[in-house]
Amino acid sequence: MIHKILLALVLAFFSVSLEAEDGYKLWLRYEKIGDQQLREQYQKQISGIMIVSSSAVAAAASSEMQAGLESMLGISIPQVSKLRKNGVIVAGTPQSSPVIASLGIEEKLAGAGNEGYIIYTTAYKRRKITVIAANSDAGVLYGTFHFLRLLQLHRDIGSLSVESSPKTMIRLLNHWDNLNRSVERGYAGLSLWDWKALPDSVDTRYKDYARANASVGINGSVLTNVNANALILTPEYLVKVAAIADVFRPYNIKVYLTARFSAPIEIGKLKTADPLDTEVRDWWKKKADEIYKVIPDFGGFLVKANSEGQPGPQNYGRSHADGANMLADAVVQHGGIVMWRAFVYDNNVPDDRAKQAYNEFVPLDGKFRNNVLVQVKNGPIDFQPREPFHPLFGAMPQTPVMPEFQITQEYLGSSVHLVFLAPLFEECLKSDTYAKGEGSLVAKVVEGTLHNYRITAMAGVSNIGNVRNWTGHPFAQANWYAFGRLAWDPYISSEDIADEWIRMTFTNESSALGTIKKMMLDSREIAVNYMTPLGLHHIMYSGHHYGPGPWVDRGRSDWTSVYYHRADAQGIGFDRTSKGSDAVSQYFKPVRDMYENLNTCPENLLLWFHHMPWDYRLSSGKTLWDEICLRYDDGVKSVKRLQSDWKKTKGIVDGERFDQVSALLVKQERDAAIWRDGCILYFQTFSRKPLPAGVAQPEHDLDYYRNYRYTDIPGISR
Ligand code: GCV
């Protein structure tokens with residue numbers, strides 16, 4: 001009863017509207033500020049908007065500002081051309097706004113660079129105004145979203161002094177979207193890009209997609225799958241791409257495409273795709289000219305070559321640098337770039353797949369053209385729930401290296417499990433490579449300060465599809481948001497990102513905010529525990545990658561699970577020390593020593609680097625076998641805790657999203673238990689030890705888990 005009265009009071013105070021919400025608006029809900037006192041204060045502080053719409057980008061900023069303010073304040077906010085009252089928001093560049101030109105802020109603006117902005121409160125001719133100033137309209141747009149965010153977060157805007165500029169130049173989503181609208185590793189419906197309807201009919205969603213991206217600073221989108229289809233480069237498709245580019249342009253977003261290396265053969269009718277062949281090089285040059293004719297601000301190409309069956313320069317005995325440079329030469333005169341992926345496979349199974357990218361790319365450092373970046377996954381295998389940072393970070397001082405994070409949850413429960421990925425991204429970015437001594441963080445490599453990179457970038461594999469809420473799981477929206485915020489500033493903490501996102505997406509009410517934040521911040525470690533504790537990796541079911549499959553032992557050996565966990569009667573884990581595959585030697589000292597030495601190797605990566613006996617004692621005092629079982633079990637129990645925590649938000653979060661998340665958490669618990677029981681029973685066939693006290697006895701035998709088929713998971717057909 002008391003609980004109900006308290007809830008009623010909270011709702012009355014915040015005037016929370018609990019209308020069902022379908023999640024379409026993402027974090028740009030611009031909900032009317034329920035706290036009346038605060039709303040009235042903002043109403044007094046904001047009387048008008050002065051943004052000269054001198055370009056499409058400035059016009060987009062202006063309409064976003066007006067719509068956002070009016071929605072949050074519940075009053076109309078006029079666009080003004082004169083400063084007659086206090087409280088006008090003046091946004092622009094010194095070129096577009098005479099007011100800003102007269103403020104004498106050139107020096108301050110110099111630090112804002114191309115896309116940054118400053119926001120501050122000042123007096124202008126005895127009027128109190130808020131200034132959003134930048135060197136470009138793109139900066140004005142980003143400043144606008146920042147200002148709106150301050151209100152969404154219920155911050156004090158009375159005396160502002162903000163300076164912000166992106167730490168990476170190119171901040172990109174990578175869509176693994178196919179031309180038939182299927183999405184590789186996509187769990188949120190079909191691809192947004194409706195190629196059949198384009199260019200005549202352009203979905204209004206594209207604009208909302210662009211708004212959402214711009215609100216977090218994402219300025220590029222690779223529309224197509226890295227497992228590329230050459231057809232996207234034909235004139236029929238290029239006009240469709242151009243139609244999308246037209247929608248994105250006012251939001252400062254460029255389009256990029258994936259280039260299929262064999263396109264000169266497939267659509268150009270040439271006999272070869274050899275990057276040193278003159279005809280092939282000419283073909284790509286002409287193709288680039290053709291693309292830039294229809295999309296003058298085309299960003300460039302992303303390429304997956306000689307990896308998982310994709311064609312590449314090695315088919316012709318050429319190097320990755322030869323391939324990348326040919327494409328780079330084709331786009332350079334138009335200002336385009338080439339992002340060449342380091343996720344490569346040899347045709348022969350290597351002694352340790354974790355070493356492959358480093359072995360192939362370090363010798364090529366310095367051999368790439370100036371407009372090439374090497375795109376490297378965050379870890380050396382493949383987006384696992386936990387990996388050490390990729391050894392290529394810090395190891396290519398003369399070639400810009402950009403990270404590729406996976407926002408879509410291929411190995412982390414698709415769009416069914418609640419897993420907030422900012423802690424995973426942050427763990428990588430804050431890792432110290434020691435490339436130039438202590439403090440050589442991956443983030444410093446990425447922002448280019450460690451090696452003075454000429455171009456900097458960060459990519460995230462998109463989790464977006466055409467389902468109404470964009471990402472399937474309402475919390476998966478947070479991973480899109482987190483990626484964008486970290487691409488802008490790789491030093492923001494996961495906690496701050498979660499705080500912002502929850503306030504904008506769900507509520508500013510403090511107890512629910514605290515509850516949801518804790519759920520999010522715990523969620524990644526919970527998933528690691530019920531999937532791959534203590535550094536285990538790549539033990540998922542082959543094909544769908546959703547459930548467990550530690551028993552997978554067929555096919556190319558470095559695609560099996562047994563290759564990675566190496567469980568036997570003695571113990572478990574992949575020995576990557578100097579006595580094993582020696583992958584540790586790819587890291588700089590003292591990182592390599594830290595991983596090599598059992599006393600310093602972090603326990604959460606123990607089995608990544610070491611093969612350990614079942615009786616080995618961990619810091620908890622427990623044996624390895626007991627600890628593995630306890631962690632799996634704890635993972636499942638923690639999902640139960642997520643469920644009971646989520647219940648506390650009932651009545652604060654709207655019913656539609658509350659119910660959706662509740663239902664997903666039930667599935668997550670079921671599937672976490674499948675992970676736990678399948679893995680424990682399988683590993684027990686090697687350890688031959690009993691389950692430690694407190695660990696639930698599996699409900700079924702091992703065969704049940706080996707044969708389990710999911711019928712209710714998006715993106716999984718069997
Ligand atoms: C796009 C993993 C995924 C593939 C993906 C590949 C890549 O192997 O399972 O679906 O292909 O990574 O990143 O190229």
Side-chain angles (χ1 to χ4, degrees), residues 172-188 191 222-230 232 256-261 301-312 314 320 323-324 339-347 349-350 353-354 356-357 360-361 373-385 387 390 392 401-415 421 424 428 458-465 483 531-532 537-547 549 552 555-561 563-564 713-718:
L172 288 164
L173 287 184
N174 286 184
H175 287 266
W176 285 356
D177 293 17
N178 299 313
L179 301 188
N180 65 5
R181 296 192 76 184
S182 62
V183 181
E184 183 155 351
R185 311 305 176 187
Y187 314 105
S191 165
V222 185
L223 302 180
T224 45
N225 192 354
V226 288
N227 290 328
N229 186 331
I232 193 68
Y256 297 73
L257 293 173
T258 45
R260 182 157 167 88
F261 203 78
F301 294 125
L302 168 64
V303 187
K304 171 175 177 176
N306 293 120
S307 168
E308 299 185 323
Q310 293 299 304
Q314 292 178 340
H320 283 292
M339 293 163 285
W340 192 269
R341 294 177 90 224
F343 180 72
V344 293
Y345 277 98
D346 205 311
N347 286 337
V349 176
R353 187 177 130 198
Q356 179 112 38
E360 290 214 31
F361 279 84
L373 298 104
V374 171
Q375 180 165 316
V376 176
K377 290 190 180 182
N378 58 283
I381 297 289
D382 192 8
F383 300 137
Q384 296 301 292
E387 299 197 24
H390 202 299
L392 273 175
V401 169
M402 61 182 281
E404 174 178 325
F405 291 107
Q406 196 178 40
I407 309 171
T408 191
Q409 291 168 240
E410 176 181 355
Y411 297 101
L412 278 150
S414 74
S415 55
L421 295 175
L424 186 160
C428 170
M458 197 192 282
V461 180
S462 152
N463 61 350
I464 303 161
F483 168 76
M531 290 180 175
T532 52
H537 53 286
H538 208 293
I539 55 169
M540 65 288 157
Y541 196 81
S542 57
H544 61 56
H545 298 177
Y546 178 79
V552 172
R556 185 180 156 134
S557 74
D558 58 346
W559 284 356
T560 65
S561 302
Y563 172 93
Y564 291 98
I713 305 301
I716 296 174
S717 54
R718 54 185 174 127

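Owing to the predicted nature of the structure, the values given are computational and were not obtained by experimental measurement. In listed order, ligands and their atoms are each counted from 1. Counting from 1, the numbers follow the sequence of the chain as shown.
- Below 30°, between 30° and 60°, or above 60°: for His544 and Tyr541 the angle between ring planes is below 30°, a parallel geometry.
- In this structure Ser561 satisfies the side chain to side chain contact (heavy atoms under 4.5 Å, CB included) test together with Ile539, Val552, His565, sequence neighbours excluded.
- Nearest heavy-atom pair, Tyr187 versus Gly715, reported as atom, atom and distance to 0.1 Å: CD2-CA, 4.2 Å.
- There is a side-chain donor-acceptor pair under 3.5 Å between Arg353 and Tyr564.
- At a 4.0 Å heavy-atom cut-off, the residues surrounding ligand 1 are Trp176, Glu184, Arg185, Asn225, Val226, Asn227, Lys304, Glu308, Arg341, Phe343, Lys377, Asp382, Glu410, Tyr411, His545, listed by chain and number.
- Between Gln384 and Leu424, the shortest heavy-atom distance links the atoms O-CD1, 4.1 Å.
- In this structure, Tyr345 and Trp559 have perpendicular ring planes: the angle between them is above 60°, well past the 30° mark.
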